[in-house]
Protein chains: 2
Amino acid sequence: MTTNKADTLAIRISRVLAERIISGALEPGARLRQDHVAAEFGASHVPVREAFQRLEAQGLAISEPRRGVRVAAFDLREVREVAEMRAALEALALRHAAPHLTRAILDQAEEATRAGEKSPDVRAWEEVNRRFHRLILTPCAMPRLLASIDDLHAASARFLFSAWRAEWEAPTEHDHHAILAALRGGQTEAAVTILARHVQWIGRRPVTTASGATREAFAIVG
Amino acid sequence: MTTNKADTLAIRISRVLAERIISGALEPGARLRQDHVAAEFGASHVPVREAFQRLEAQGLAISEPRRGVRVAAFDLREVREVAEMRAALEALALRHAAPHLTRAILDQAEEATRAGEKSPDVRAWEEVNRRFHRLILTPCAMPRLLASIDDLHAASARFLFSAWRAEWEAPTEHDHHAILAALRGGQTEAAVTILARHVQWIGRRPVTTASGATREAFAIVG
DNA sequence: CAGATGAAAATTATCTATAATTTATGACGG
DNA sequence: CCGTCATAAATTATAGATAATTTTCATCTG
């Protein structure tokens, strides 16, 4: 998420806004007003509009023509939808990536998994978790597929952060280890099956909200 | 594809350009120059830029920052990628749609299939084919999934039109009939299996190119 | 003389500033 | 209390200015 000088202003703005939406700093349904954002970044509103469009393409915002753009709401249904799409697409990607996975890649993935088990907060965990998935999927060499998966990951992360706002304990990555073991043993379909189930896994977990009340929350753990 | 007056100018421009890219009027790799397009539409270049961004989100164009935007190239690899993504996502959609399919919907789908078998050209066929798929998938009520599938259909259509530029004979829709029969019989998984195979089916077919030479072409028939 | 190098010109994308529509808001009159 | 009109705010579009890139062409080197 480094601000590359080569990137266009619109891209940089969209990255910052995406960051805020995913982290929850911008709440679902919040209006995104181009003039305000433009003023904040010391820019004009044209690049801001373009940034908004990018967010919309990622599914992080929705725009109603002539009525402005708002941070996309996400209910449980949306979360499940994203999880199922991820399961379907990541399974496909893994099938194609498997033949090209080297020992070195699997070792890196193993390392990422261990890092995940030691993550101090959700934020850090999400990062290494994404790295794990990217490592084992990228060799499929299907750019469009990988881009779609990335967008879905962002949507997942958004939910993840909203669920574990305060308390956090690093999980033990049973599934990640099992996936890597299967891949090492050349059992691609077994790995695919675990991955699909893993991504779709929606665990119930009691979580304390910002207001202090305890409620039931759902979370993707993958 | 009616030009809705309520839509923003950028949206209307993007629709026209998408049409041209899909139909092949704009060839892969062709540069899209904002000033030229703006002049053609009698508009300024800002809405044109936004239109370009929409095309990029759909995968119909690619933009390199400060270097302009080009019509996305598509080779056989890309076609296969799109086909496999469609297979994975349409299978998912059908699984969720199946419980909500009514007899009325299936009858409409049957009608679309028959219309497909009588289509005079690729263009007409593509339209009813899309209608068939939309009819049986929409009841899944997963907006994000359906939007992704729509984009993939556009990419498929693009290839379809490039393959059958001249000659065309309406195919007999074995698969469509089989899918509907399975759905009528409540055999959802059977329908899903056929659909996934159907979408991925890539048939070889000799096709005469614009230059007159005969070459081998591949086509998605679904 | 062929090819490479580098600077100037033209082209193109990007951004800012300003104007024109459209939508939302609140007051007034029926 | 409801509908209409005026005002305010925000989005959408235009035109002009800036910055980057590509092209051209002349010059230098081998």
Side-chain angles (χ1 to χ4, degrees), chain A residues 1-21 25-73, chain B residues 1-21 25-73:
Chain A
M1 195 69 77
T2 53
T3 52
N4 193 341
K5 183 66 180 177
D7 288 327
T8 185
L9 183 54
I11 295 176
R12 278 179 289 171
I13 293 176
S14 87
R15 267 208 281 265
V16 174
L17 293 180
E19 172 70 26
R20 287 185 195 167
I21 294 174
L26 284 171
E27 291 189 4
R31 293 195 61 178
L32 293 173
R33 275 166 305 205
Q34 50 186 213
D35 285 347
H36 293 206
V37 176
E40 178 190 342
F41 286 86
S44 160
H45 56 243
V46 173
V48 173
R49 283 177 65 76
E50 294 194 8
F52 286 176
Q53 277 213 338
R54 289 181 161 269
L55 296 176
E56 195 185 359
Q58 287 186 306
L60 294 177
I62 51 172
S63 94
E64 297 168 286
R66 307 187 180 280
R67 202 167 292 191
V69 35
R70 316 174 75 88
V71 175
Chain B
M1 195 72 76
T2 53
T3 52
N4 193 340
K5 184 65 180 177
D7 289 326
T8 185
L9 183 54
I11 294 176
R12 279 180 288 170
I13 293 176
S14 86
R15 267 207 281 266
V16 175
L17 293 181
E19 172 71 24
R20 288 186 195 166
I21 294 174
L26 284 171
E27 291 188 5
R31 292 194 63 176
L32 294 173
R33 277 164 304 202
Q34 52 185 210
D35 285 345
H36 293 207
V37 177
E40 179 191 340
F41 285 86
S44 160
H45 49 246
V46 175
V48 174
R49 283 176 63 75
E50 294 193 9
F52 286 176
Q53 279 215 336
R54 290 183 158 268
L55 296 176
E56 194 185 1
Q58 287 186 306
L60 295 177
I62 51 171
S63 94
E64 298 168 285
R66 305 199 170 269
R67 201 167 293 189
V69 35
R70 315 173 76 88
V71 175

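Values in this document were obtained by computation on a predicted structure and should not be read as measured data. Labels below follow one simple rule: chain letters A, B, ... track the order of the sequence lines, proteins then strands, and each chain is numbered from 1.
Between the Arg20(B) side chain and the Ala25(B) main chain, no donor and acceptor come within less than 3.5 Å of each other. Put simply, the side chain of Arg54(A) never gets that close to the backbone of Ser14(A): no donor and acceptor are under 3.5 Å apart.
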> If the sugar-phosphate is the primed atoms plus P, OP1 and OP2 and the base is the rest, what is the B/S/- string for nucleotides 7-16 of chain D, using protein heavy atoms under 4.0 Å?
Replying inline: ---SBBBBBB
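The only member of Ile62(B), Leu17(B), Leu32(B) that meets side-chain contact (heavy atoms from CB on, under 4.5 Å) when paired with Val71(B) is Leu32(B).
Counted within 6.0 Å of CD on Glu40(A), heavy atoms from surrounding residues, nucleotides or ligands total more than 12; the atom is thus considered enclosed.
The heavy-atom pair separating Asp35(A) from His45(A) by the smallest distance is OD1-ND1, 3.8 Å.
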